[in-house]
Amino acid sequence: MEPVLELDRVSKHFPGHKAVDQLNLTLLDGEFFCLLGPSGCGKTTTLRLIAGFEEPTDGEIRLRGQAISRLKPYQRNINTVFQSYALFPHLTVRANIEFGMRYRGNPARNALEKTVEMLQLGDKIDRLPAQLSGGERQRVALARSLVLEPDVLLLDEPLSALDPNLRKQVRGELKDLQRRTGITFLFITHDQEEALSMSDRLAVMNQGKIEQTGTPQDVYLKPSTRFAATFLGPMNWVNSTGIRPESTRVAPAPPGDDVRTMPAQVEDSIFLGNCVHVKARLVTGEPFVAEVPRTMPRFMPGDRVHLWWEPSDELHLPPQ
Amino acid sequence: MKIRGLGFYAVLAYFFLHAPIAVLLAFSFNSGRFTVWEGVSFRWYEAALRNSQLLEATLNSLIIAVAATALAATAGTLCAYALWKREARWLTSALTLSLVTPEIVMGISLLAFFQWVFRSFSVHLGMHTVVLAHVTFCLAYVVIVVLARLRTMDNSLEEAALDLGAGEWQAFYRVTLPALGPGIAAAALLAFTISFDDYVITSMVAGVDSETLPMVLYAIARRGANPVVNAISAMIVVALGLLVLVSERFRES
Amino acid sequence: MTRLRRLFLAPSVTLTVLLFLTPLGILLVYTFLTRGAYGGMGAPWTLENWVRVADPLYLGILVRSVLAAAVSTLLCLVLGFPLALFISRAGRRKNLYLFLVVLPFWTSFLIRTYAWMFLLRDTGLINTLLISAGIVREPLPLLYNYGAVVLGLVYGYLPFMVLPLYAALERIDSNLLEASSDLGAHPWQTLKRVVLPLSAPGVRAGLILVFIPCLGAYLTPDLLGGGKTILIGTLIQNQFSTARDWPFGSAVSLALMAAVMVLLMVLARRHGDSLL
C-alpha cells in the first residue's frame with residue numbers, strides 16, 4: 001500500500017515545552033489508524049499540525065508526496081471531525097454538509113445525496129444542529145467532511161461527547177464507514193479499548209514522541225516500551241519482566257517445572273462478574289494481580305498461594 | 001440558608017429603583033401645572049408634540065444615535081474579532097481607559113481637539129462632531145460585549161470552516177459573523193441607548209444646529225419644574241423600554 | 001490572518017488614536033501653557049497649573065469628591081448586596097428580577113436625575129405631601145445639597161453594583177450552603193463565613209464600576225447639588241466655561257484621570273482581571 005500521509009521529524013515547540021518532538025509517522029492509503037496516548041502527550045497538537053491549524057517548528061509533512069506544512073487549512077485535502085463537532089449552529093444539516101462543497105468544486109448533487117444516505121441523515125436534513133441528538137450531530141460532522149472525499153480524515157476523540165452506551169455501538173459503525181468509503185482515517189483517542197478495537201494499525205504516543213507503531217496485536221502482545229505496555233493494559237512487574245493479569249494463574253500448590261512460579265499471599269479477591277481479580281503480594285514485596293475464571297474456588301485474604309505463568313507470556317522490558 | 005426579611009427588603013429596593021420614574025410618569029398625565037393632582041389630561045403631551053424645538057432635537061438625537069451606533073457597531077465588532085484572534089495590549093488598555101474616563105474630561109478633550117483641528121481647516125462644530133464623539137465613547141462598550149460573546153463561542157467553529165475549504169474572510173463572514181449576531185445586536189442596543197442619552201459630552205461638542213433632546217431637557221430642567229419634561233420623559237422611557245423588551249423577545253426566540 | 005487582522009483593527013485604532021488619545025495629549029500640552037487675557041492661552045511654558053492643583057482649596061474639592069464617591073459606593077454595596085442575594089436565590093424568577101434591576105439603566109440617566117428633582121424640590125412631591133399632611137409648615141431643603149448628590153449617585157449606579165454581585169453570588173454552588181448548614185452553621189454564619197468570602201470578586205468589580213463614575217460625575221452634582229456642592233466634575237466644567245482657564249482646567253482633568261488610572265491599576269491589576 002502507498003503511503004498517503006508522512007510526518008518527517010516534525011516538531012512543534014510552544015514557549016516552555018515541546019508539544020511534538022521529532023515525530024515520524026506514516027499513514028498508508030485506506031487504513032484506519034489510531035493515535036493513542038494520554039492527555040497532554042501531544043496527539044491533538046499532531047492533529048492540528050496535519051490539519052494546518054498550527055505550523056510546525058521543524059520538519060516536513062507530506063500528503064501524497066507533496067509538502068504541505070506551509071499550506072493553509074483550506075488548501076489541504078484533509079478534513080477534520082472536531083471533538084465538539086463544531087457544527088455551524090445557524091445552518092441546517094443540509095447547509096452544514098454543503099458548506100465545504102462550494103470551495104472544493106465537488107460534483108455536487110449526487111455526492112450530497114450519497115453521503116446523506118450513507119449516514120442515514122435523510123429525515124434530518126432540514127433541522128438545525130440544536131435539534132439533533134449527540135449521535136446525529138456526530139454523523140453530520142462526519143458527513144460534512146466525507147462529502148469532500150478528503151485524502152485523510154482526522155477524527156479528534158469524536159466519541160468522547162457521546163454517552164457511554166452509544167460509544168461501543170458507534171465504534172463499529174465508524175469502522176464500517178471507513179471500510180465502505182476507503183478513506184484513510186486518523187483517529188485520535190486516549191482510550192486503549194477504542195484504539196485496539198477499531199484500528200488497522202495504531203501508534204502509542206508519549207511526551208511528544210511515538211513510542212511504538214504496529215497492529216493492535218503487535219503492540220498489545222509485543223510492546224517495545226514499558227509505557228506502551230502499561231498504557232494498553234494492566235501489567236504486573238517483577239524487575240524488568242512484565243506479565244499481564246490474564247496470563248497469570250493462581251494455584252494453592254506449586255505447579256510443574258516448565259512454568260515460572262512465584263510464592264505469594266492473597267490480599268483481596270474481587271468479583272467482577274465475568275471474572276475474578278485476585279490481588280496478591282509476592283514474598284519479595286511486589287503487588288500482583290491475576291485474572292482468574294469465576295468458576296475457580298474463591299481465594300481468601302491471607303491465603304498462601306503460588307502465582308505462575310508460561311515463559312512465552314513474559315515481556316522483557318527494562319525500566320526507562 | 002434562609003434569611004428572614006430578604007423578600008421584604010427586595011420589595012423596598014425595587015420601590016426605591018422604580019418609584020421615582022413611576023411618579024414622574026404618573027404626573028405627566030396631571031392636568032395641573034404643579035405637584036398637586038388635578039385630574040387626568042394629555043395637555044403636556046400635546047404641548048410637547050407641538051414644540052418644534054423639541055421635535056427637531058429629537059430628530060437630531062435619533063440621527064446621531066443611529067449613525068453613531070452603526071459606525072461603533074461595525075468598528076467595534078471588527079476590533080473585537082481581531083483582539084480575539086490575538087491580544088493587542090495597548091489597544092485593550094486604551095479602550096479600558098476610554099471606558100473609565102469621566103465624561104466631562106472626555107468632552108473637554110474632544111472640544112479641545114476639534115478646536116485645534118478647526119483652526120487649520122474651516123469646519124465648525126455640528127452633527128458630525130457629535131457623531132464622532134459618540135462613536136468614540138460607544139466603541140469600547142461594543143468591543144466588550146462582542147468580545148465576551150466571542151469568548152463563549154466554540155473555538156473550533158471557525159477552524160471547521162477553514163478545514164472545509166473556506167478562506168479567512170469567508171470563515172469570518174459565513175460562520176463567525178452569524179454566530180455573533182445576538183452579541184452584535186446587544187452591543188448595538190447598548191450603544192444606541194448610551195448615545196441617545198448622552199448629555200455631558202454632547203453639550204461640549206455640539207454646534208448651534210445640532211441641539212439634541214438631552215440638551216433641551218437639561219435646559220428646561222435647570223430652569224425649574226415643567227410638566228412638559230414629564231411628558232417627554234414618559235415617552236422616552238416607554239420607547240426605550242419597548243425597544244429593550246422587543247430585543248429581549250427577539251433574543252429569546 | 002495578519003493582513004485581515006490589520007484591516008479589521010484599522011478603524012478602531014484610528015478612532016482611538018485620533019479621537020481619544022490625541023485629545024488627551026492636547027490637554028496635556030495645555031497644562032503647561034499660561035492663560036491669556038481673553039480665555040486664550042500661550043507662552044510662557046509653566047508648571048504653575050500643576051502647582052495650583054495641589055493648592056489646599058482644590059485639594060479640598062478633590063477630597064470632598066473622593067468622599068462623596070466613597071460614601072455613594074459603600075451605600076450601593078450595602079443596599080445592593082441583599083438585593084443581589086435575593087435575586088440569586090429567586091429560582092425561576094431570577095431573570096425577571098434581574099431585568100427589573102437593569103430596566104432603569106436602560107432609561108435615560110438624565111430623566112432619572114430629573115425624577116429626583118421632581119420629588120425633592122421645594123415645590124416637589126415630597127414637600128407638597130408633607131405640607132398638605134401638616135407635618136411641616138415650610139418646605140424642607142431636600143434638593144441642592146450634599147445628601148441629594150449622594151442620593152442621586154446611589155440611585156444612578158446601584159445597578160452597576162447589583163450586577164457583578166449577582167454574577168458572583170450566582171456562581172456559588174448551592175451545595176456549599178447546604179454543606180455549611182449541615183456542618184452546623186446558622187444562616188447568618190453561613191452568610192458571613194461562606195457567602196461573603198466567595199462573593200469577594202463581585203464586590204471588587206462592583207466597587208470599581210461604581211466608584212470610578214461617581215468620582216468623575218458631573219450631571220448629578222450639577223443638577224441635584226446646584227451650585228453649592230462643588231465637586232471635581234463641576235470644577236473642571238467651570239474652568240472651561242465661566243472661568244475660561246483652559247490650562248488649569250486641563251491640569252485638573254488630567255489629575256482626575258491619573259487618580260482613576262491609579263485606582264484601576266491597584267484594584268484590577270492586583271487580581272489579574274481587567275474590564276475587557
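To find a chain, count down the sequence lines: A is the first, B the second, and so on, and within it residues start at 1.
Of all heavy-atom pairs spanning C/Ser108 and B/Leu240, the tightest one is N-CD1, 4.3 Å. In terms of heavy-atom proximity, B/Tyr9 sits nearest to C/Gly80 at OH-N, 4.4 Å. Nearest heavy atoms, B/Pro20 versus C/Ala115: O-CB, 3.8 Å. Looking at every heavy atom in both residues, B/Tyr14 comes nearest to C/Phe86 through CE1-CE2, 4.3 Å.
Of the atoms belonging to B/Leu190, heavy atoms from both backbone and side chain fall under 4.5 Å from chain C. The part of C/Val17 that comes within reach of chain B is its side chain, from C-beta onward, which places non-hydrogen atoms under 4.5 angstrom from that chain. At a 4.5 Å heavy-atom cutoff, the contact between B/Leu189 and chain C is made by backbone and side-chain atoms alike. Of the atoms belonging to C/Phe99, it is side-chain heavy atoms, and not backbone ones, that fall under 4.5 Å from chain B. Both the backbone and the side chain of B/Ala112 come within less than 4.5 Å of a heavy atom in chain C. Interface residue C/Tyr218: only side-chain heavy atoms are found under 4.5 Å from chain B. Using a 4.5 Å cut-off between heavy atoms, B/Val237 contacts chain C through both its backbone and its side chain. Residue B/Trp116 touches chain C through its side chain alone, counting heavy-atom pairs closer than 4.5 Å. B/Leu110 touches chain C through backbone and side chain together, each having a heavy atom under 4.5 Å away. Residue B/Ala88 touches chain C through both its backbone and its side chain, counting heavy-atom pairs closer than 4.5 Å. With a 4.5 Å cut-off on non-hydrogen atoms, C/Leu110 touches chain B through its backbone and its side chain both. For C/Leu223, the part sitting under 4.5 Å from any heavy atom of chain B is the side chain, from C-beta outward, and nothing else. Of the two parts of C/Pro213, neither the backbone nor the side chain holds a non-hydrogen atom closer than 4.5 Å to a non-hydrogen atom of chain B. At a 4.5 Å heavy-atom cutoff, the contact between B/Ser233 and chain C is made by backbone and side-chain atoms alike.
For the options B/Ile236, B/Leu245, B/Thr136, heavy-atom pairs under 4.5 Å to chain C are most numerous at B/Thr136. Looking only at heavy-atom pairs under 4.5 Å with chain B, the residue among C/Leu125, C/Leu9, C/Leu15 that has the most is C/Leu125. Contact count against chain C (heavy-atom pairs under 4.5 Å) is highest for B/Asn230 among B/Leu132, B/Ile232, B/Asn230, B/Val238. With chain B as partner, the option from C/Ala217, C/Pro82, C/Pro11, C/Ser132 having the largest number of non-hydrogen pairs under 4.5 angstrom is C/Pro82. For the set C/Thr128, C/Leu158, C/Ile87, the entry with the most heavy-atom pairs within less than 4.5 Å of chain B is C/Thr128. Considering only heavy-atom pairs separated by less than 4.5 Å from chain C, the leading option among B/Val200, B/Leu71, B/Val117 is B/Val200.
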(request) For B/Asp198 and C/Phe109, run side chain to side chain contact (heavy atoms under 4.5 Å, CB included): C-alpha distance rounded to whole Å, both residues' side-chain angles, the deciding distance at 0.1 Å, then the answer. (result) CA-CA 8 Å; B/Asp198 181 74; C/Phe109 192 89; over 6 Å; no
(request) Could you give me the CA-CA distance, side-chain angles and deciding distance for B/Trp90 and C/Val13, then say whether side chain to side chain contact (heavy atoms under 4.5 Å, CB included) is met? (result) CA-CA 10 Å; B/Trp90 76 268; C/Val13 167; 3.9 Å; yes
(message) Using the rule given for side chain to side chain contact (heavy atoms under 4.5 Å, CB included), can you reason through B/Phe114 versus C/Leu19, listing the C-alpha separation, both sets of side-chain angles and the distance that settles it, and then say yes or no?
(response) CA-CA 9 Å; B/Phe114 286 135; C/Leu19 290 170; 4.2 Å; yes
(message) Determine whether C/Trp246 and B/Gln115 satisfy the following criterion, side chain to side chain contact (heavy atoms under 4.5 Å, CB included), listing intermediate values before the conclusion.
(response) CA-CA 12 Å; C/Trp246 280 70; B/Gln115 286 184 346; 3.9 Å; yes
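Remark: C/Asp222 CG to B/Ile104 CD1 distance equals 8.5 Å, nearest 0.5 Å. Here the CE-CE distance, from B/Met106 to C/Met257, works out to 7.5 Å after rounding to the nearest 0.5 Å. To the nearest 0.5 Å, atoms OG (B/Ser98) and CG (C/Leu21) are separated by 9.0 Å. Rounded to the nearest 0.5 Å, atoms CG (C/Leu18) and CZ (B/Phe113) are 4.0 Å apart. The structure places CD of B/Glu168 at 12.0 Å from CZ of C/Arg5, a figure rounded to the nearest 0.5 Å. Here the CD1 atom belonging to B/Ile108 is positioned 11.0 Å from the OH atom belonging to C/Tyr30, to the nearest 0.5 angstrom.
Using a 4.5 Å heavy-atom threshold, the side chains of B/Val105 and C/Leu24 count as touching. In this structure the side chain of B/Ile21 never reaches within 4.5 angstrom of the side chain of C/Tyr114, judged on heavy atoms. Using a 4.5 Å cut-off on side-chain heavy atoms (C-beta onward), C/Leu256 and B/Pro102 make contact. Contact check for B/Tyr218 versus C/Leu219: side-chain heavy atoms found under the 4.5 Å cut-off. Taking the side chain as every heavy atom from C-beta outward, C/Val260 and B/Thr101 never approach each other to under 4.5 Å. Two residues are said to be in side-chain contact when any heavy atoms from C-beta on lie closer than 4.5 Å; B/Leu111 and C/Phe240 fail this criterion. Side-chain contact between B/Leu97 and C/Phe20 is present, with at least one heavy-atom pair separated by less than 4.5 Å. Proximity of C/Leu264 to B/Thr96: side-chain heavy atoms (C-beta onward) are separated by under 4.5 Å at one or more points.
Classification of the B/Phe16-C/Tyr155 ring pair by plane angle, with boundaries at 30° and 60°, yields perpendicular.
C/Phe8 has its ring centre less than 6.0 Å from the ring centre of B/Phe172. The distance between the ring centers of C/Phe118 and B/Phe27 falls below 6.0 angstrom.
Among residues two or more places apart in sequence or in another chain, the salt bridge (Lys or Arg N to Asp or Glu O under 4.0 Å) test is passed with B/Glu159 by A/Arg48.
Environment of CE in C/Met261: sparse, with no more than 12 heavy atoms of neighbouring residues, nucleotides or ligands closer than 6.0 Å. Within a 6.0 Å sphere centred on CZ of B/Phe118, other residues, nucleotides and ligands contribute more than 12 heavy atoms. The number of heavy atoms from other shown groups lying within 6.0 Å of CZ (B/Phe15) does not exceed 12.
In terms of modelled atom types and a separation under 3.5 Å, the side chain of B/His18 and the main chain of C/Leu100 share a donor-acceptor contact.
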